[in-house]
Amino acid sequence: MKQVIWELKEHRQIAKNTYLMRLSGDTSSLVNPGQFVEVSLPGFYLRRPFSVCDYDEFGATLIYKVLGQGTKAMTRYEKGMKLDVLCGLGNGFDLSKSGQKPLLVGGGAGVPPLYRLCKELTNMGRQATVVLGFNTKEEVFFEQEFLALGAEVIVCTMDGSKGVKGLVTDACAFENHSYFYACGPLPMLKALCSLAKIPGEVSLEERMGCGFGACMGCAVMTKTGPQRVCKEGPVFHKEALVW
Amino acid sequence: MKQVIWELKEHRQIAKNTYLMRLSGDTSSLVNPGQFVEVSLPGFYLRRPFSVCDYDEFGATLIYKVLGQGTKAMTRYEKGMKLDVLCGLGNGFDLSKSGQKPLLVGGGAGVPPLYRLCKELTNMGRQATVVLGFNTKEEVFFEQEFLALGAEVIVCTMDGSKGVKGLVTDACAFENHSYFYACGPLPMLKALCSLAKIPGEVSLEERMGCGFGACMGCAVMTKTGPQRVCKEGPVFHKEALVW
Amino acid sequence: MVNTQVSLCGIRLKNPVMAASGTFGFGQEFARLYDINCLGSFSFKGTTLHKRDGNPTPRIAETPCGMLNAVGLQNPGVEKVIEEELPGIAKIFNAPVMANVSGFSVSDYVWVCELLDQCEQVGWLEVNVSCPNVHGGGMSFGTQASSAAEVTREVKKVCKKPVIIKLSPNVTDIVEIAKACEGAGADGLSLINTLLGMRLNLKTRKPLLPFVTGGLSGPAVFPVALRMVYQVYKAVKIPVIGMGGVSSAEDVIEMMLAGATAVQVGSANLVNPYACRDIVKDLPRAMAEYNITSLEQIIGGAH
Amino acid sequence: MVNTQVSLCGIRLKNPVMAASGTFGFGQEFARLYDINCLGSFSFKGTTLHKRDGNPTPRIAETPCGMLNAVGLQNPGVEKVIEEELPGIAKIFNAPVMANVSGFSVSDYVWVCELLDQCEQVGWLEVNVSCPNVHGGGMSFGTQASSAAEVTREVKKVCKKPVIIKLSPNVTDIVEIAKACEGAGADGLSLINTLLGMRLNLKTRKPLLPFVTGGLSGPAVFPVALRMVYQVYKAVKIPVIGMGGVSSAEDVIEMMLAGATAVQVGSANLVNPYACRDIVKDLPRAMAEYNITSLEQIIGGAH
Ligand SMILES: Cc1cc2nc3c(=O)[nH]c(=O)nc-3n(C[C@H](O)[C@H](O)[C@H](O)COP(=O)(O)OP(=O)(O)OC[C@H]3O[C@@H](n4cnc5c(N)ncnc54)[C@H](O)[C@@H]3O)c2cc1C
Ligand SMILES: Cc1cc2nc3c(=O)[nH]c(=O)nc-3n(C[C@H](O)[C@H](O)[C@H](O)COP(=O)(O)OP(=O)(O)OC[C@H]3O[C@@H](n4cnc5c(N)ncnc54)[C@H](O)[C@@H]3O)c2cc1C
Ligand SMILES: Cc1cc2nc3c(=O)[nH]c(=O)nc-3n(C[C@H](O)[C@H](O)[C@H](O)COP(=O)(O)O)c2cc1C
Ligand SMILES: Cc1cc2nc3c(=O)[nH]c(=O)nc-3n(C[C@H](O)[C@H](O)[C@H](O)COP(=O)(O)O)c2cc1C
Ligand code: FES
Ligand code: FES
């Protein structure tokens, strides 16, 4: 973990209520896809956690969905703004377990960290299948970006306005894959874990006090006792969790 | 009173710990010299009161001294910044009483409102004498500006590093004037009022809740009972006050 | 169309938003800025039997997301309020107002309430047993169940109009005091008054307020106020008026879900003179966002 | 040269800045970021007799200038703390630490304190009779003078080290409770723990925290904390540790002027992991600004 100042270089809406921020600055504390950052928002007491969607040595990309007051305020941030960020938080995904044909499942605001994951897996020569779930066509984002990485992409929408109609679970052919990675709303993750016969890991969300392990605000129950989403997580093995 | 948005057009240091802000926007609620505004500072709960130093139909000038956290934050405000301002507060000075040779006495951060006052008095053909008091040479500001209005200007410094050494009271020749106007620290105002045999009026400072008469936070005792500095003041006749 | 009406002790309000006592004077300053008839009502400045000049200044200090005040109940006294202020209010506000009353003895409260109860414009008496800014004042009544109940009981004897007791948050168990007031006949409860706080002046190294302590208000206290409204709503049957840091339409909704029948806006008026109007204007949008069609239906909805 | 040293119950601290319990874990996360030996000391996570998994999540909510927590004393239990955490602390911190203790019965407190009292690294026992986030937990002890005194008395019997009682701000009269603890033998007092607060989730219309209420901390509570430190300092002879919203060197000075011998920094660590270090670094500048040459000399200076 490292406290860094990032400058907002690009900020645009990419789907309904969904924005992309490209930020420049020190990313040296990022080591795994699936790690996250805690962004300090002027006028708000607690920092906001966001997964790193992608990064290089010069900066990182975040994608956020407008959910409450903080993310609403973020939409007004302008190019050139400096953001105080705790970077390199959490464990991230375990690339070593992927097998040859990993399945990546993302729902809504859970899609961003899968992009970096997919990129690294593809670079390792894996053939990733990406299932992206949204409520409706207007919310879909990053389909093209995943395709550009060379992944097979299946889009699902709840209302059927695009791609497969229904839940991501309806579109997951677990039997064709050896391992899965998932990030999204809790009900989606629970459903996936109970349906999937294959091993896999999921990235959890929890309201956080600190984001770096100090406050015990974000504990989730695991087979070995409570663990911190921000420190031992956000990625947990399917088998470790006690829902 | 009117709530307005002013844009910061110019911002520079003019003396030790002393800054000038030129702001553009609606000034239609200003009617008298000596009125003040309440500026909302991002990140601070209460607004900050500042006297209007000068204005025209396009904007106003404020001069502030760094005193605490809020004014310290203000020094970092950049051109283009928009400020939420309650404009046109308080009564202001009574021009009609000035006589031909009014005496204007300002101490430190109390100098700004005297500039507009002096300007209006000069425009009315009065011959103003302005006594400006500061701690030291580095804090002196607006001597030239008052001279440019055609006023006689006497600068005093406590340490004698510029002009008359000592208090403004040492430099006030009350006998040559029919009326005085004063703004500055409370001890200075008290001393003036007790020394001056001539009539006059003083502008008071008080910590404020609202600045427009709603909270009774700023009351000062007068012969007719407690009165609000923000509403019945900030300018009070020497005789009205009960120190 | 959304319905913002609520009923408070039998009086219909066009919406639950009221200005809180001590932050709205007698309405005049605000009436010059906007038509205050958009408000459900307002509670006027705390009124005492005799005129009070209040505490020495400074009376105000800033705090993170809030402020301290030690105004000390400066007011012209009940007679002047009735003779001068109420006729003034009649010109700017055409619904019932809430008369906020303070005192230094039970008989003070009784006297003032009896007089104000007879004024046509007064819809409710809001009996402040919780002002922290006067020595030997209301605060002491509001920090004990027995004395809060006594004031309630005696005031009720002389009033025909609904009597609302305004409670202090500076207590171990607000529920106990709320129940005692209900038991003594209170028609409603207002909470919270200010939390007792303090600041120092680092330059002089002395308390910033010559009164030493002051009452903390503003957004900083909202979570404490909400908790107390929630707890008291659960424990009593009479309506609760929620206040403490309310600054937005969302805050109003949160207070009502916690159990408030009406919601007062205090300090927000001081930093944004249009706060009450803005909140009222914004209510329909916020209601739509949270699928609320009638505010009255959400009262206590979080329980 | 300015002198930042203070003495707390006979133990010399290089400066009065300590991290507050529950916001600094057992120091490990922070030791990875900076050398925590720059701190006066720190109080480790509230420790109970048996291991506790804490409350269901969410345990954290945001408030204006502050936060609510309902962690519920998640900790590995006193034995694991002694076996695993204290040796861990030994590697990163070479001054005495403060052992924060919670319990659900007087005997709980006694057991845990007795065990921790024997640990070399422990300088003081900080007995938390004020945790609002456990049902039937410490809070009930801290809201009554008699039970707070009882815990104090029993714990004192088994401890050689200074016993500091951590008080709850959710009381009508903190001075009464402080005096009761002093009378029962307390060597010092820590205040304040969190104020009881609450938030709702407007989308679900239910309490945001499944525990319903949470403890309010952060800058929002600073004026309340300062007032209590001021009041308690005036009433007792034992040292007071001040906390509640402290986030800057100026806040430390304000707390000390009000009467604090040492000052704890809590929530600030969570939003700025370097908060304690930054405050310590900034102290000499702030002292110079307010003409302070020795911090020990300003304790209670506002009285
Ligand atoms: C590890 C992690 C990674 C995340 N990555 C992303 C991402 O890449 N893109 C994205 O859009 N969102 C992401 N989220 C969710 C994101 O943090 C929340 O949407 C955001 O904090 C909401 O802030 P707000 O101010 O708009 O909401 P408000 O409800 O106004 O916030 C109030 C408080 O609750 C917290 N909070 C509210 N909702 C959530 C939530 N779902 N998860 C965690 N905290 C919450 C806020 O952080 C804040 O402290 C992630 C969350 C976690 C824990
Ligand atoms: C009618 C009026 C006109 C003023 N005009 C000017 C001016 O033209 N130029 C100038 O430099 N200063 C002026 N002042 C003083 C100015 O308002 C304060 O210096 C400023 O508010 C300090 O803010 P701060 O955040 O730096 O101080 P802090 O001490 O951090 O502020 C804390 C709180 O105290 C209040 N406060 C602190 N000092 C004062 C004070 N002396 N007077 C009133 N409130 C105070 C602040 O407004 C704020 O609410 C005027 C004050 C009044 C009442
Ligand atoms: C300047 C000021 C003066 C107040 N005067 C009174 C009063 O006279 N009577 C009263 O019952 N409450 C008084 N209050 C308390 C408010 O009515 C309200 O209960 C409290 O401020 C909490 O609400 P808020 O956070 O919205 O301000 C006063 C508050 C402030 C800030
Ligand atoms: C997340 C969190 C956990 C806490 N846990 C404890 C605890 O275990 N024991 C304790 O005595 N106080 C605990 N506290 C209270 C703090 O130590 C401190 O008294 C309080 O937060 C006020 O200080 P602050 O405003 O600086 O945070 C906790 C506070 C927070 C925010
Ligand atoms: S958020 Fe503080 S420990 Fe995870
Ligand atoms: S500051 Fe509110 S009445 Fe003057």
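For Y230(D), the part sitting under 4.5 Å from any heavy atom of chain C is the side chain, from C-beta outward, and nothing else. Contact of V212(D) with chain C is made through the side chain alone, with heavy-atom distances under 4.5 Å. Both the backbone and the side chain of L202(C) come within contact range of chain D, judged by heavy atoms closer than 4.5 Å. Using a 4.5 Å cut-off between heavy atoms, Q231(C) touches chain D through its side chain atoms alone. I292(C) touches chain D through backbone and side chain together, each having a heavy atom under 4.5 Å away.
The two residues A302(C) and P207(D) make their nearest non-hydrogen contact at O-CD, 3.8 Å. Taking all atoms of both residues into account, the shortest heavy-atom contact from C65(D) to P64(C) is SG-C, 3.8 Å.
Comparing L68(C), I174(C), L257(C) by heavy-atom pairs within less than 4.5 Å of chain D, the highest count is held by L257(C). Most heavy-atom pairs under 4.5 Å with chain C: of the set A220(D), G245(D), A286(D), this distinction falls to A220(D).
In this structure the side chain of R227(D) reaches within 4.5 angstrom of the side chain of N170(C), judged on heavy atoms.
Between the CG atom of L200(D) and the CE atom of M255(C) there is a distance of 9.5 Å, given to the nearest 0.5 Å. In this structure, L208(C) CG and L226(D) CG are separated by 10.5 Å, a value rounded to the nearest 0.5 Å.
Residue K206(C) qualifies as enclosed at atom NZ: its count of foreign heavy atoms under 6.0 Å is above 12.
A donor-acceptor pair under 3.5 Å links the side-chain atoms of R205(C) to the main chain of Y290(D), judged by distance alone.
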